[in-house]
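A short worksheet on the structure shown next.
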Amino acid sequence: MPATPLLVRRRGPTFFMQPGGRREPGERALTTPAREPGQEPGVGLVPGGARRLGEFEHDALNEAGRSVRAEVSALRIDGIPQAKAGIAELRWVAARPHWPVAVAPLGAGRILAPLAAGA
């Protein structure tokens with residue numbers, strides 16, 4: 001089945017990105033993806049439904065000379081995502097390029113395009 005990632009646009013920025021958040025001190029790698037979906041899009045994680053895709057880095061969008069790094073997991077969720085906790089809008093998009101929304105460079109170049117290519 002082709003991947004159909006969920007992207008979010010936070011209040012203010014015009015670019016869409018993967019939902020998520022920072023790992024809490026002492027938190028294990030797959031604990032964060034289990035916690036975060038309940039906070040932003042308001043969904044649960046299907047037990048055993050997290051698969052780590054890797055760690056990706058790209059130039060920061062609004063901070064010259066800085067980079068942003070993300071640990072990315074594919075999640076099977078339970079529930080219908082909703083825009084909450086600072087999220088202005090959310091969209092399901094095909095992983096392949098030529099998205100119907102502006103996608104942040106980290107997602108476009110390092111996550112979505114390789115996901116579409118099966119990497």
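The hydrophobic clustering, which links ILVMFWY residues whose side-chain heavy atoms are closer than 4.5 Å, places Val8 and Phe15 apart. Note on Met17: it clusters hydrophobically with Leu6, by side-chain heavy-atom contacts below 4.5 Å among ILVMFWY residues.
With hydrogens and angles ignored, the 3.5 Å screen pairs a side-chain donor or acceptor of Trp99 with a backbone N or O of Ala94.
Residues meeting the side chain to side chain donor-acceptor pair (under 3.5 Å) test with Glu71, sequence neighbours left out: Arg23. Listed by chain and residue number, nothing satisfies the side chain to side chain donor-acceptor pair (under 3.5 Å) test with Arg51 (two or more places apart in sequence, or in another chain). Applying the side chain to side chain donor-acceptor pair (under 3.5 Å) test to Arg10 and every residue at least two apart in sequence or in another chain returns Glu40. For the side chain to side chain contact (heavy atoms under 4.5 Å, CB included) test, residues two or more places apart in sequence or in another chain that qualify with Val43 are Pro37, Pro41, Ile77, Pro81. For Thr14, there are no side chain to side chain donor-acceptor pair (under 3.5 Å) partners two or more places apart in sequence or in a different chain.
Here the CH2-OG1 distance, from Trp92 to Thr4, works out to 8.0 Å after rounding to the nearest 0.5 Å. Within the model, atoms OG of Ser67 and CD of Glu57 stand 3.5 Å from one another, a figure rounded to the nearest 0.5 Å. A distance of 15.0 Å separates CG of Leu115 from CZ of Arg110, quoted to the nearest 0.5 Å. In this structure, CZ on Arg91 lies 5.0 Å from CZ on Phe16, to the nearest 0.5 angstrom.
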Distance-only donor-acceptor pairs under 3.5 Å for side chains of residues 83-90, two or more places apart:
{"unit_1": "Glu89", "atom_1": "OE1", "unit_2": "Arg9", "atom_2": "NE", "d": "3.3"}
{"unit_1": "Glu89", "atom_1": "OE1", "unit_2": "Arg9", "atom_2": "NH2", "d": "3.4"}

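When all heavy atoms are compared, the tightest approach of Ala50 to Leu45 is CB-CD2, 4.2 Å. When all heavy atoms of Ala95 and Pro5 are compared, the pair lying nearest together is N-CD, 3.8 Å.
A 4.5 Å side-chain heavy-atom check between Ile111 and Leu106 finds at least one atom pair inside the cut-off. Annotation: side chain of Leu112 is in contact with side chain of Leu7 (closest heavy-atom distance under 4.5 Å).
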